[in-house]
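One-based numbering along the sequence shown. On a predicted model such as this, the values are computed, not experimentally measured, just so you know.
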Amino acid sequence: MTNARSPWAGNIRHGVFFLAVAAVFGLQGFAVHDGGQWSLSPALFPLILSGGLALLSFALIGQAVLRIRAGDEGPSRNGGAPVSAVRASLAFLLCLLYAQALPRAGFLPASAVFLALFCLLVGERRPGAVAALSLVSPAVIYLLFRHGLNVLLP
């Protein structure tokens with residue numbers, strides 16, 4: 001009998017590492033805060049980024065724990081999409097077009113179209129998922145910046 005490690009154990013190790021990185025950046029953000037308002041404070045953005053990194057770290061750890069408990073020792077259920085230079089180039093081109101459209105069309109419409117096209121580019125075909133991501137994400141970001149941080153978006 002061999003003592004083979006689960007391929008998902010690496011995800012737990014990586015998740016814990018990135019969680020520690022998030023904690024360091026979060027503490028650094030609190031350390032540089034001058035005690036004034038948080039909106040547009042230089043300390044706010046490290047906290048936002050470290051919070052996002054911590055959330056993704058917990059997701060990575062949770063995914064690995066669930067896969068190990070279920071006995072799913074395979075690398076992936078669908079094998080993943082192959083890497084394509086054409087798709088990577090299209091993604092880059094899409095980002096350039098988004099940067100051009102943003103000042104002309106405004107944040108909400110340009111972001112909704114960009115996210116819908118990007119979802120289709122990476123292989124998402126469920127209309128509900130594409131619509132939800134492309135409409136809800138820009139709206140949440142707009143509300144966060146406009147009302148939470150008092151920053152006007154184009």
Side-chain angles (χ1 to χ4, degrees), residues 3-85 87-99 101-103 106-108 110-112 114-119 121-124 129-130 132-154:
N3 187 8
R5 277 202 228 178
S6 167
W8 298 103
N11 284 12
I12 294 174
R13 288 190 302 275
H14 296 132
V16 169
F17 170 76
F18 286 121
L19 197 57
V21 170
V24 168
F25 281 112
L27 291 172
Q28 182 67 25
F30 277 116
V32 296
H33 183 60
D34 60 2
Q37 288 187 342
W38 278 99
S39 53
L40 295 185
S41 167
L44 179 64
F45 294 101
L47 290 177
I48 292 172
L49 294 176
S50 64
L53 182 59
L55 182 67
L56 292 173
S57 299
F58 281 125
L60 189 62
I61 293 168
Q63 176 196 40
V65 168
L66 290 175
R67 292 279 177 105
I68 290 170
R69 281 189 183 167
D72 183 5
E73 297 300 318
S76 176
R77 289 194 176 133
N78 61 3
V83 176
S84 164
R87 286 176 50 180
S89 299
L90 286 173
F92 182 73
L93 179 64
L94 188 59
C95 290
L96 291 177
L97 291 173
Y98 174 65
L102 193 59
F107 176 76
L108 289 173
S111 297
F114 168 76
L115 287 172
L117 292 174
F118 198 83
C119 283
L121 180 66
V122 298
E124 181 59 60
V130 172
L133 181 72
S134 62
L135 296 175
V136 173
S137 296
V140 168
I141 292 169
Y142 179 81
L143 291 173
L144 176 69
F145 274 81
R146 178 65 184 108
H147 298 291
L149 300 174
N150 293 325
V151 174
L152 293 176
L153 296 174

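Across Leu60 and Gly15, no two heavy atoms sit closer than the pair CD2-N, 3.8 Å. Nearest approach of Ala116 to Ser134, heavy atoms of both residues: N-CB, 3.6 Å. The two residues Ala22 and Ala54 come nearest to each other via the heavy atoms CB-N, 3.8 Å. Summarising the geometry of Arg87 relative to Gly123, their closest heavy-atom pair is NH2-N, 4.5 Å, with the distance given to 0.1 Å.
When each of Phe92, Phe114, Phe118 is checked for a ring pair (Phe, Tyr, Trp, His ring centres under 6.0 Å) with Tyr98, only Phe114 meets the rule.
You'll find the side chain of Ser111 stays beyond 4.5 Å of the side chain of Ile141, heavy atoms only. Within the 4.5 Å cutoff, no side-chain heavy atoms of Phe25 are placed close to those of Leu49. A 4.5 Å side-chain heavy-atom check between Val16 and Ser57 finds every atom pair outside the cut-off.
Classification of the Tyr142-Phe107 ring pair by plane angle, with boundaries at 30° and 60°, yields parallel.
Between Leu102 atom CG and Leu97 atom CG the span is 12.5 Å, to the nearest 0.5 Å. Within the model, atoms CD of Gln63 and CD1 of Ile68 stand 10.0 Å from one another, a figure rounded to the nearest 0.5 Å. Here the straight-line distance linking atom CG of Leu115 with atom CG of Leu121 works out to 12.0 Å at 0.5 Å rounding.
At least one donor-acceptor pair under 3.5 Å links the side chain of Ser50 to the backbone N or O of Leu47. A donor-acceptor pair is defined here as one N or O able to donate and one able to accept, closer than 3.5 Å; no such pair exists between the side chain of His147 and the backbone of Leu143.
Taking the side chain to side chain contact (heavy atoms under 4.5 Å, CB included) definition, one finds that Val65 meets it with Ile12, Ile61, Arg69, sequence neighbours left out.
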